[in-house]
Amino acid sequence: MTAEKLTTPAPQTPAERMKDIVALCKRRGFIFGASDIYGGINGFWDYGPLGVELKNNLRDLWWKKMVLTPPIGPDGQPVEIVGLDSAIIQNPKVWVASGHVGGFADPMVDCRETKKRYREDHLDVLVPNDGEGPWLAVPQNDEDGVAKSRIKKFGKGRSEDAFTRKSLSGIGLENYAKIIGPDAKEAGTLTEPKAFNLLFETKIGAVASDDNIAYLRGETAQGIFINFKNVVDSSRVRVPFGIAQIGKAFRNEVNPRNFIFRSREFEQMEMEWFCHPNEAKMWFDFWKTERQKFWQSLGLSGDNILMREHGQDELVFYSKGTFDIEYKFPFTDPGFGELEGIAYRTDYDLTQHQEHSKVKLEYMDPVTNERFMPHVVEPAAGLTRGVLAILCEAYTVDTNRPSGVYLNFHPALAPKKAAILPLTAKDEHPKLATKLYLELREEFAVDLDIKQNIGKRYARQDEIGTPFCFTIDDQTVADGTVTVRERNTMAQERIPMANVAAYLREKIKRV
RNA sequence: GCGGGUGUAGCUUAGUGGUAAAGCUCCAGCCUUCCAAGCUGGCUAUGAGGGUUCGAUUCCCUUCACCCGCUCCA
């Protein structure tokens, strides 16, 4: 008893848990670091044989919930949502209109001493006229009188008139060694300005020149906005309705971190809901509820998931309200990380594109004859973040089983729904197992595994989260029944082999 | 982008300025009637590049990746 206690492993810390999840993902072929054999590449990840199945399952469930069987609206009728798959590269003007190019591409400087970061064009430098002593960096918009206090501290008795105010942008790098940062004590701690444009640039055409710069999309949403008119004109949809899109997006993140949580290439599942401005608030609440239900139905529930409203200071300038659905990842624990944002974007995007493209994007309501610019509620989820949350939630330590761990996937999400296992590699077992496998694979993602002893095979399936194992033994030969072994409980029962497909169908039932 | 840490096989760990070791996994075969059993055999590693040295996995430099903290996240 005492000895047993002593050998019981200590509970995992969140960091250890995350490390194990990453190791399992690599070991079993869910997720690999991209360009592994070349030493890797920061911020990119590859999805292995099981990872792509898991990701596709989540993607398909979202598509079904949004496009194929959208929820019932407040009026008792299903809401209307259509799909879209727009190009990753669009006319660069799209990203100017959206604000991604220009407005957010400002160079920043860091202070090595204070670890603070400043926009280069927001800083001025006070240059001493007599050339003596340090140069003083101060905020351009100096409401707090920083310049005065800095001169008092470092100006050696000189007055403000003894300095000339220059923009930091106009000051050469060779002078940075003389500059004291706005909050620093020593000179020379400011880094050279770095541009923080998060959009990936590329060049169109075989001959590269600055005239043909284009951008990889930073979000799938803009592809939806620029097709709003196309969809309205071609699809018989009427406001309110939604357009949904799933696809890759690219951002030059300053600092990719935390496995696939923040990567430079990722996948989004976004839906833009177009509605009358007067109904926007109602639809915002509607989608908040619906989207929360979605993640809960996949098994993310309890204390690990929450809804959080953005504070006023957090809101982007065009949003009149944003809710995040957040998950307690091991690397955020005890905090939470964003899984999906539901944003009320007003008519900002359509208005921007109307102005920049000169194409009228207003909607004419055929019933009321009212002309208006639709407002937008946007549930925008991270597919790859969803995969990570599902993996973290499913990871279950169980020292009572040979593998020591299993992945508790919802059967609808599991990369493999079942494994077909002949108890031995002899006699009729493999023959019957192969027959069952060929039948089941027409409808389900299943594995046939004949090699090695049964315990090893159960353990392997536990580690990849296969919810059911069907085992063929001598009794199967005699009476046509197989053993079902359930992943979470390891319990077994016998059912007729002829009922296996129906059994699986019932268990996997869509969420 | 800043600071700190780590880097030996798929995983977990040894070890050394002079032939790189083990357990588990994995693969092949045998055995096996329900949870990684047993037997035999096999594959696989010092992240990359430079320097010092007769000789570097070990010491030094650079770089890359990952982890932690800050920062960033339209």
Side-chain angles (χ1 to χ4, degrees), chain A residues 13-16 18-20 22-29 32-45 95 98-119 189-199 218-219 221-222 251-259 261-262 264 314-319 331 337-338 341 343 345 348-349 398 400-404 406 421-427 429 451-463 469-478 482-485 487 490-492 494:
Chain A
T13 67
E16 288 166 344
M18 195 60 220
K19 217 179 148 203
D20 284 357
V22 174
L24 174 61
C25 281
K26 179 169 189 191
R27 189 168 72 249
R28 290 303 182 186
F32 309 119
S35 306
D36 212 359
I37 63 170
Y38 285 98
I41 179 168
N42 193 358
F44 297 89
W45 301 89
W95 302 103
S98 70
H100 288 74
V101 175
F104 303 104
D106 309 298
M108 311 284 282
V109 295
D110 288 313
C111 178
R112 293 192 193 90
E113 180 188 325
T114 63
K115 311 297 182 202
K116 295 204 173 185
R117 172 170 289 170
Y118 313 91
R119 273 176 65 165
T189 61
L190 292 184
T191 62
E192 64 178 288
K194 301 270 182 191
F196 279 84
N197 187 355
L198 266 59
L199 285 187
E219 60 181 17
Q222 298 304 324
R251 293 182 194 175
N252 255 324
E253 295 289 353
V254 174
N255 194 355
R257 271 296 166 85
N258 293 324
F259 200 28
F261 182 77
R262 173 166 298 133
R264 293 188 163 130
E314 246 183 305
L315 286 178
V316 291
F317 64 92
Y318 54 76
S319 176
F331 49 82
E338 182 188 351
R345 296 178 76 124
Y348 173 76
D349 302 277
D398 178 3
N400 291 323
R401 66 179 68 207
S403 59
Y406 66 101
L421 311 174
L423 189 57
T424 72
K426 285 178 169 180
D427 308 323
H429 300 175
K451 303 279 184 176
Q452 299 178 324
N453 70 62
I454 192 71
K456 286 189 178 187
R457 285 178 282 164
Y458 283 151
R460 189 161 35 219
Q461 297 300 333
D462 279 348
E463 262 201 338
C469 291
F470 299 106
T471 305
I472 281 78
D473 59 9
D474 283 345
Q475 196 180 330
T476 312
V477 180
V482 299
T483 304
V484 187
R485 184 260 194 188
R487 174 195 62 204
M490 299 192 283
Q492 301 188 353
R494 292 201 79 92

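This one's a predicted model, so the numbers in the text were calculated from it and none came from an experiment. Below, chain A is the first sequence line, B the second, and so on; all start at residue 1.
A/D473 and A/R494 are joined by a salt bridge, as a carboxylate oxygen and a charged side-chain nitrogen come within less than 4.0 angstrom of each other.
You'll find the side chain of A/D36 reaches within 4.5 Å of the side chain of A/K26, heavy atoms only. At a threshold of 4.5 Å between non-hydrogen side-chain atoms, the residues A/R264 and A/N42 count as touching.
Under the Watson-Crick or G-U wobble criterion, with both distances below 3.5 Å, B/G23 is paired with B/C11. Here B/U63 sits opposite B/G47 as a Watson-Crick or G-U wobble pair (both hydrogen-bonding atom distances under 3.5 Å). B/C31 is unpaired under the criterion used here, namely a Watson-Crick or G-U wobble arrangement in which both key atom distances are under 3.5 Å. With a 3.5 Å ceiling on both atom-pair distances, B/U57 lacks any Watson-Crick or G-U wobble partner.
Judged by distance alone, with hydrogens and angles left aside, A/R485 brings a side-chain donor or acceptor within reach of the base of B/C35, the pair sitting under 3.5 Å. With hydrogens and angles left out, the side chain of A/D473 and the base of B/C34 share a donor-acceptor pair within 3.5 Å.
The gap from the C1' atom of B/C61 to that of B/U12 amounts to 31 Å, rounded to the nearest Å. Atom name P, nucleotides B/A28 and B/A37: the rounded distance is 16 Å, in whole Å. One C1' atom belongs to B/G17, the other to B/A36, and the distance between them is 41 Å to the nearest Å. Remark: the separation of the C1' atoms in B/G69 and B/C26 is 38 Å, to the nearest Å. Between B/U62 and B/C27, the distance separating the two C1' atoms is 39 Å to the nearest Å. Taking atom P on both B/G51 and B/U57, the two are 13 Å apart, rounded to the nearest angstrom. Atom P of B/A9 sits at a distance of 28 Å from the matching atom of B/G29, rounded to the whole Å. For the C1' atoms, the distance linking B/C59 with B/U52 amounts to 8 Å, nearest Å.
The side chain of A/Y458 approaches B/C35 more closely than any other nucleotide in the set B/C66, B/C35, B/C73. Nearest to the side-chain atoms of A/R257 among the listed nucleotides B/G10, B/C66, B/C68 stands B/C68. Distance from the side chain of A/N255 is smallest for B/C70 among the nucleotides B/C73, B/C70, B/C34.
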Could I get a table of every N or O pair under 3.5 Å where one atom is in the protein and the other is in nucleotides 36-40 of chain B?
{"residue": "B/A36", "atom": "O4'", "partner": "A/K456", "partner atom": "N", "Å": "3.3"}
{"residue": "B/A36", "atom": "N7", "partner": "A/P402", "partner atom": "O", "Å": "2.8"}
{"residue": "B/A36", "atom": "N7", "partner": "A/S403", "partner atom": "N", "Å": "3.2"}
{"residue": "B/A37", "atom": "OP2", "partner": "A/K456", "partner atom": "NZ", "Å": "3.1"}
{"residue": "B/A37", "atom": "N7", "partner": "A/N453", "partner atom": "ND2", "Å": "3.2"}

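Rounded to whole Å, the distance from CD on A/Q452 to P on B/C34 is 17 Å. Distance A/N258 CG to B/C72 P: 16 Å, rounded to the nearest Å. What separates CD of A/E253 from P of B/G1 is a distance of 14 Å, to the nearest Å. Per the geometry, CG belonging to A/D20 stands 18 Å off P belonging to B/G10, to the nearest Å. Nucleotide B/A74 holds its C1' atom 6 Å from the OH atom of A/Y318, rounded to whole Å. As rounded to whole Å, 17 Å separates atom C1' of B/C66 from atom CD of A/E16. Distance, A/K19 NZ to B/C66 C1': 10 Å, rounded to whole Å. Atom pair A/L24:CG and B/U25:P shows a separation of 16 Å (rounding to whole Å applied).
The residue A/A15 sits apart from the nucleic acid: no heavy atom pair falls under 4.0 Å. Using a 4.0 Å heavy-atom criterion, one finds that A/Y38 contacts no nucleic acid atom at all.
Heavy-atom distances to RNA chain B give each of A/H429 and A/V316 a nearest nucleotide, and the one nearer the 5′ end belongs to A/H429. Heavy-atom distances to RNA chain B give each of A/L423 and A/K26 a nearest nucleotide, and the one nearer the 5′ end belongs to A/K26.
When all heavy atoms are compared, the tightest approach of A/K451 to A/R460 is O-NH2, 4.2 Å.
At B/G29, one or more side-chain N or O atoms of A/K451 fall inside 4.0 Å of OP1 or OP2 (strictly under the cut-off).
Annotation: cation-pi pair A/R487/A/Y406 absent, no NZ/CZ under 6.0 Å from the ring centroid and within 45° of its normal.
Between the CG atom of A/L199 and the CG atom of A/N252 there is a distance of 8.5 Å, given to the nearest 0.5 Å. With rounding to the nearest 0.5 Å, the separation of CH2 in A/W45 from CZ in A/F259 is 5.5 Å.
Between A/Y348 and A/Y318, the ring-plane angle classifies as parallel under the 30° and 60° cut-offs.
Side-chain N or O atoms of A/R457 include one that pairs as donor or acceptor with a backbone N or O of A/L423 at under 3.5 Å.
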